There are 2 protein chains.
Amino acid sequence: MPGSAAIELASPANRTQITRALLRLRELILSGEFAPGERLSELPLVERLGVSRTPLRLAFTALEHEGLLRGLPGGGYVVRGFTEADLRDAIELRGVLEGTAARFAAQRGSGRDQLRTLRTINDAIEELVHQADYESFENYVELNERFHAQLLALAHSPMLDRALDGIVSLPFAGPSAAFVFTEAELPESRDVLIVAHYHHRAMIEAIARREGARAEAIAREHALLALRNLEIVLSHREVLEQLPGARLIALRPSATEPLT
Amino acid sequence: MPGSAAIELASPANRTQITRALLRLRELILSGEFAPGERLSELPLVERLGVSRTPLRLAFTALEHEGLLRGLPGGGYVVRGFTEADLRDAIELRGVLEGTAARFAAQRGSGRDQLRTLRTINDAIEELVHQADYESFENYVELNERFHAQLLALAHSPMLDRALDGIVSLPFAGPSAAFVFTEAELPESRDVLIVAHYHHRAMIEAIARREGARAEAIAREHALLALRNLEIVLSHREVLEQLPGARLIALRPSATEPLT
DNA sequence: GCGCCCAAGGCTGCATGCAACTCAGTACTA
DNA sequence: TAGTACTGAGTTGCATGCAGCCTTGGGCGC
């Protein structure tokens with residue numbers, strides 16, 4: 001579940017009623033339990049989630065800032081829907097921001113051992129790229145997330161962390177979200193992983209050589225790879241269903257099943 | 001007060017107790033009433049703001065997401081401080097995102113009349129650039145904000161809006177924040193306005209010609225202008241005081257007044 | 001004298017009652 | 001028939017009481 005661990009913000013302590021409500025509610029929304037635009041009333045959810053209205057409201061506001069809910073002028077919240085254009089923009093924005101992270105990393109080039117960590121992660125990825133079993137894939141996703149997290153760490157910019165959080169918290173915009181289709185063993189899957197791994201290597205090289213502009217360009221192109229994945233997913237409806245929050249996406253009429 | 005109107009999010013209706021608490025509390029924080037790292041307790045603020053604990057807490061969470069407060073693991077909130085590096089990064093990130101907005105505008109080039117609106121705003125700015133009185137300056141700031149808002153509108157990207165909101169909501173990162181020093185009539189002020197206006201014109205031209213890369217580069221450089229302003233402000237402590245949220249900034253020792 | 005433990009105060013997390021607001025449906029009037 | 005005003009249900013906004021947590025200070029034991 002990408003993005004679920006993104007905005008923890010741990011404002012009040014964890015394992016509170018707020019956290020309970022937040023996790024459960026986010027799960028319900030991403031599972032498509034509510035239709036986009038549907039209003040979420042407090043009282044029905046109170047008994048459904050087993051928390052009282054106060055923490056539930058705080059969970060609402062958290063989800064609003066996270067982008068999954070939208071506040072109504074007269075009070076109350078509705079589930080937010082996304083268009084295909086939103087998905088594309090979110091992914092491209094992630095590319096822009098990760099590109100900035102890569103550039104910062106190259107320009108500032110502080111942590112020598114931090115860069116080594118990045119290399120270590122990527123070496124581990126290399127061993128998985130050519131494997132086809134499901135477990136390897138799960139490991140790949142895990143390592144891929146760590147790679148991107150480490151890249152961000154190399155940038156040494158809390159402000160950049162914040163900005164990227166706002167994008168990655170969306171269910172489909174994380175660095176691994178679009179890989180879901182690989183699970184379905186679509187034929188295009190293998191090559192994408194190889195290219196992605198090449199991007200990682202090139203990025204590391206550019207950062208090590210302090211080639212900021214190149215590092216930025218590669219990171220952007222790397223995200224566009226996810227965009228390509230998304231196009232594939234959008235054209236395979238049976239795979240799309242596995243994408244978290246798929247029910248929140250308003251498909252273009254052309255991609256929609258005919259009205260029966 | 002840049003950024004104060006940024007995240008309205010109008011979640012619950014306006015003119016509520018939450019809004020009252022939010023506006024007043026933000027004002028108090030930006031005015032430097034609380035030191036960075038200082039803990040904000042609910043009860044003292046309840047009597048000070050005249051609202052009860054419930055809306056106050058919601059205001060806390062809003063300010064946390066806005067970036068002015070930080071939640072403690074054990075509960076409670078502290079005022080967040082910023083380093084000079086944070087300021088620089090925030091401004092540079094605004095440049096990156098506004099650059100993306102300009103590129104989107106160039107690539108998508110939808111609204112012909114929207115672009116005309118941008119031109120109209122900039123024509124109005126042109127008449128003010130060479131005036132020196134205070135009223136003109138206020139109008140300039142107003143028009144400058146509108147220019148940047150309109151540029152964002154041209155991008156037609158709600159996701160981009162969101163990302164930029166997260167940056168601009170910071171008190172010193174808005175497109176006009178660094179212009180405060182002009183009020184103090186520092187000698188460098190005039191030329192900056194002229195260059196900024198040139199950037200605006202070049203941006204419009206690039207967008208009209210669908211030159212995405214150029215539009216992006218100009219917008220980035222345009223933000224770096226604010227960065228230069230910031231450097232000037234940071235070296236004039238008497239002007240710095242006028243920057244909203246100045247008391248939240250941890251100055252480098254070199255720029256700090258000697259320990260007396 | 002130093003360190004640990006205990007207790008008390010203060011603070012936040014949570015639940016719930018009350019009030020005000022919004023919206024929908026209906027009936028009445030022009 | 002169309003428009004308006006009213007009423008009612010449902011919902012959210014707000015305040016406050018209570019309970020549990022963390023912190024801090026003092027006292028006691030080693």
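Keep in mind that what you see is a predicted model, and the values were worked out from it rather than measured. Below, each value reflects all heavy atoms present in this structure, side chains not excepted, and no hydrogens, waters or symmetry copies. Sequence lines set the chain letters: A, B, ... in the order given, protein chains first and strands last, and positions in each chain run from 1.
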In this structure, how many angstroms lie between the [atom2] atom of [N] and the [atom1] atom of [X], rounded?
X      : N       : atom1 : atom2 : result
R20(A) : dA15(C) : CZ    : C1'   : 14 Å
L58(B) : dG13(C) : CG    : C1'   : 13 Å
Q17(A) : dC21(D) : CD    : C1'   : 15 Å
R39(A) : dA24(C) : CZ    : P     : 10 Å
L40(B) : dC11(C) : CG    : P     : 13 Å
Y77(B) : dG13(C) : OH    : C1'   : 11 Å
L72(B) : dT12(C) : CG    : C1'   : 12 Å
L56(A) : dC14(C) : CG    : P     : 12 Å

| Would you say the side chain of R39(A) lies within less than 4.5 Å of the side chain of Y77(A), judging by non-hydrogen atoms? |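 They are not in contact (no side-chain heavy atoms under 4.5 Å apart), so the answer is no.
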Heavy-atom distance under 4.5 Å between the side chains of I18(B) and V51(B), does that happen here?
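No, their side chains stay 4.5 Å or more apart.
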Q. Picking from dT16(D), dT16(C), dC14(C), which would you name as closest to the side chain of T16(A)?
A.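 Of the options given, the side chain of T16(A) lies nearest dC14(C).
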| Of the listed nucleotides dA15(C), dG17(D), dC14(D), the one nearest the side chain of R53(B) |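 From the listed options, dG17(D) comes nearest.
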*Which residues satisfy the ring-ring contact (aromatic ring centres under 6.0 Å, His included) test with F104(B), sequence neighbours excluded?*
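In terms of ring-ring contact (aromatic ring centres under 6.0 Å, His included), with neighbours along the sequence ignored, F104(B) is linked to no residue.
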Exercise for the section: Applying side chain to side chain contact (heavy atoms under 4.5 Å, CB included), name anything that partners E42(B), two or more places apart in sequence or on another chain. Expected result: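 Scan of E42(B) (side chain to side chain contact (heavy atoms under 4.5 Å, CB included), adjacent residues dropped) gives R53(B), L56(B), R57(B), F60(B).
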Exercise for review: Establish, with yes or no, whether the OP1 or OP2 oxygen of dG13(C) is under 4.0 angstrom from a side-chain nitrogen or oxygen of R57(B).
Suggested key: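 It does, given that an N or O in the side chain of R57(B) lies less than 4.0 Å from OP1 or OP2 of dG13(C).
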Under the side chain to side chain donor-acceptor pair (under 3.5 Å) test, residues paired with [X] that sit two or more places apart:
X       : value
T120(B) : none
R108(A) : D89(B)
T83(A)  : D86(A)

Counting only heavy atoms and a strict 4.0 angstrom limit, can you tell me which residues of residues 41-52 of chain A come near DNA chain C?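 When residues 41-52 of chain A is checked for heavy atoms under 4.0 Å from DNA chain C, the hits, listed by number, are S52(A).
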